[in-house]
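I'd like to ask some things about the structure below.
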Amino acid sequence: MTNKQSNKAMNTTNPLQPQAQGNPFAIQASAGGGALAAITGNAAVTEVLASIWIAKQFPRDVDDVKDRMKQSCSQLSLARSATYVFPRGGTSVEGPSIRLAEALISAWGNAEAGWKEVARHWDPKGADGNGCNVSECVAYCFDKETNVRREISFSVPHTRDKNETDSRGKKTGKMLRVALDNERDIYELCANMASRRIRACILQVVPGWLTEEALEIVSATLKKDDNAEKLPERIQSMEAKFLELGVSRAQLEKKLGHTLEPNDMTMAEVYRLGRVYTSIADGMIRMNDVFPTEEQSGVKDPNIPSVPEVPAPSPDPASNNFKDGIPGLDVPEGGGMFGTMLDH
């Protein structure tokens, strides 16, 4: 019996054991409820209790938290990627980015944020009816000092989108969902899906006043950098970043309504484009939603080589707008990866 037939026959949800120490993409076999399982379980409980005890012994100091936050948000590299923006219904939705959430939870201290895969099961209807495995995952943020924990559960089908081609190798315009079987690809897919959910958990655990102060400092940091002499350099850098995504100069100019020449541009527009870039890089919005492809827009820049279109990640069937009941989750899937962070 093949692996695929075996999965279809079982069609059960299998809890996962801790990952092997030397390989984050390998899954250990079940311990079968014996002595090894008891030892492993006790070690995990002991580790959690020890981290909580340490947090209680060394409680955070709010002044120190503010100092660490101010130091991080005063860095220009973070300030440029601290917020995202994407269009919706004729208006712009803005908010703190994943990068800022990372900085906030690090400054807050005595907290842990990340995600984990807790189970897998076979879905016979997945991958366009060919069947695929599905990972059941949990994103979380845990304040060990106050014992406040936020979790979001979600499902990730092990599939990727692929362009269908005809016998001549030409794209037909139809997207196919193909099952994944490589553990590294599966890990990266789950991490991408977990990214914005971890951000939402962090923003629920970290107090609102800290986030608001961070955004104010970020804004002040950007204003200090508002130097007209640096404008040509910033325009060139921003154009290069978008070119890596396949966005041409002509598309940027069409979006702005004028050329990218320093005489036409302002530093505020450069920062606005930077936030759009952050939104795309972090997976808050898909590139084609902001910059239509050349076929859609009819705009083509003859001065740059054509960049092959990258298929968008598979949408999460368990995710709908505000389905989790948490602000910040009503944005498209797929994008920046967010691993586990430990701060004591």
Side-chain angles (χ1 to χ4, degrees), residues 51 54-86 92-114 139-150 195-231 233-234 237-238 241 266-279 281-282 284 326-328 336-344:
S51 64
I54 293 174
K56 297 290 187 181
Q57 297 302 309
F58 302 95
R60 68 176 60 90
D61 182 275
V62 175
D63 291 333
D64 289 342
V65 170
K66 289 183 177 181
D67 289 340
R68 289 194 294 267
M69 179 271 292
K70 291 177 181 177
Q71 184 176 11
S72 296
C73 295
S74 297
Q75 302 301 314
L76 190 58
S77 57
L78 175 62
R80 289 175 180 170
S81 61
T83 58
Y84 66 83
V85 59
F86 61 88
S92 296
V93 178
E94 304 179 15
S97 69
I98 295 168
R99 303 285 83 78
L100 183 58
E102 290 177 345
L104 289 176
I105 198 64
S106 296
W108 189 239
N110 284 341
E112 176 182 346
Y140 63 88
C141 184
F142 179 33
D143 187 332
K144 301 175 183 179
E145 186 176 324
T146 61
N147 202 31
V148 174
R149 184 181 181 91
R150 295 291 181 268
S195 180
R196 65 190 181 90
R197 292 176 172 86
I198 299 174
R199 167 190 165 276
C201 290
I202 290 175
L203 295 180
Q204 285 190 97
V205 171
V206 172
W209 59 263
L210 185 65
T211 304
E212 293 173 1
E213 288 189 14
L215 291 173
E216 292 177 359
I217 295 174
V218 163
S219 178
T221 301
L222 292 176
K223 288 181 180 179
K224 291 180 182 179
D225 188 54
D226 193 356
N227 188 336
E229 296 179 358
K230 299 180 181 179
L231 184 57
E233 178 184 347
R234 295 288 162 75
S237 176
M238 186 58 59
K241 287 184 177 181
T266 64
M267 191 65 79
E269 288 178 316
V270 173
Y271 291 144
R272 193 177 305 117
L273 285 177
R275 292 159 67 191
V276 172
Y277 176 86
T278 299
S279 304
D282 286 351
M284 295 298 178
I326 296 175
M337 188 181 301
F338 197 152
T340 300
M341 299 185 299
L342 297 174
D343 295 287
H344 303 293

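Side chains included, hydrogens not; waters and symmetry mates left out as well; all remaining heavy atoms used.
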Query raised in the report: Just wondering, do Ile105 and Val206 contact through their side chains at under 4.5 Å, heavy atoms?
Result: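 With C-beta onward as the side chain, the pair touches.
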Query - Criterion side-chain hydrogen bond (donor to acceptor under 3.5 Å, both in side chains) against Tyr140, the qualifying member of Arg150, Glu112, Arg149 - result: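 Result for side-chain hydrogen bond (donor to acceptor under 3.5 Å, both in side chains) with Tyr140: Glu112.
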Query raised in the report: Side-chain contact, heavy-atom cut-off 4.5 Å: Trp108 with Asp143?
Result: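 Contact flag for Trp108/Asp143 side chains = yes.
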Query raised in the report: Is there a donor-acceptor pair closer than 3.5 Å between any side-chain N or O of Ser237 and the backbone N or O of Glu233?
Result: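 Looks like no, no N/O pair under 3.5 Å.
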Query - Within 6.0 Å of CD in Glu94, more than 12 heavy atoms from elsewhere - result: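 Enclosed.
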Report task. Kindly compute the distance separating CZ (Arg99) from OG (Ser81), expressed to the nearest 0.5 Å. Result ->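 The OG atom of Ser81 is 7.0 Å from CZ of Arg99, to the nearest 0.5 Å.
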Query - Test item: Asn110 side-chain N/O and Thr146 main-chain N/O as donor-acceptor pair under 3.5 Å - result: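 Not at all, since once roles are kept as given, no pair shorter than 3.5 Å links the two residues.
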Query raised in the report: Any donor-acceptor pair under 3.5 Å linking the side chain of Thr83 with the backbone of Leu215?
Result: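 Judged by distance alone, no pair lies under 3.5 Å.
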Query raised in the report: Does any non-hydrogen side-chain atom of Ser72 lie less than 4.5 Å from one of Leu100?
Result: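 Leu100 vs Ser72: side chains apart.
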**Report entry** Heavy-atom closest contact (Cys73 atom, Thr221 atom, distance)
**Finding:**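 Result for this residue pair: O-OG1, 3.1 Å.
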Query raised in the report: Does the side chain of Phe142 reach to within under 4.5 Å of the side chain of Asn147, using non-hydrogen atoms?
Result: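 Yes, their side chains come closer than 4.5 Å.
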Query raised in the report: With distance as the sole criterion, is a donor-acceptor pair present between the side chains of Arg199 and Tyr84 under 3.5 Å?
Result: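 Yes - a donor-acceptor pair under 3.5 Å links their side chains.
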**Report entry** Separation between CE of Met238 and CZ of Arg80, rounded to the nearest 0.5 Å
**Finding:**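 The CE atom of Met238 sits 7.5 Å away from the CZ atom of Arg80.
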Query raised in the report: Which value, rounded to the nearest 0.5 Å, describes the distance between Arg197 atom CZ and Cys141 atom SG?
Result: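 So the gap between those two atoms works out to 16.0 Å.
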Query raised in the report: Counting N and O atoms only, with roles assigned by atom type, does the side chain of Arg60 sit under 3.5 Å from a partner on the main chain of Gly109, one being a donor and the other an acceptor?
Result: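 Judged by distance alone, yes, a pair lies under 3.5 Å.
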Query raised in the report: Closest heavy-atom contact between Ile202 and Ala101?
Result: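 Minimum heavy-atom contact is CG2-O, 3.7 Å.
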Requested in this report: For the pair Arg68 (side chain) and Ala107 (backbone), establish whether a donor and an acceptor sit closer than 3.5 Å, ignoring hydrogens and angles.
Outcome: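 Between the backbone of Ala107 and the side chain of Arg68 there is a qualifying donor-acceptor contact (under 3.5 Å).
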Query - From OG1 (Thr211) to CE (Met69), nearest 0.5 Å - result: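 Answer rounded to 0.5 Å: 9.0 Å.
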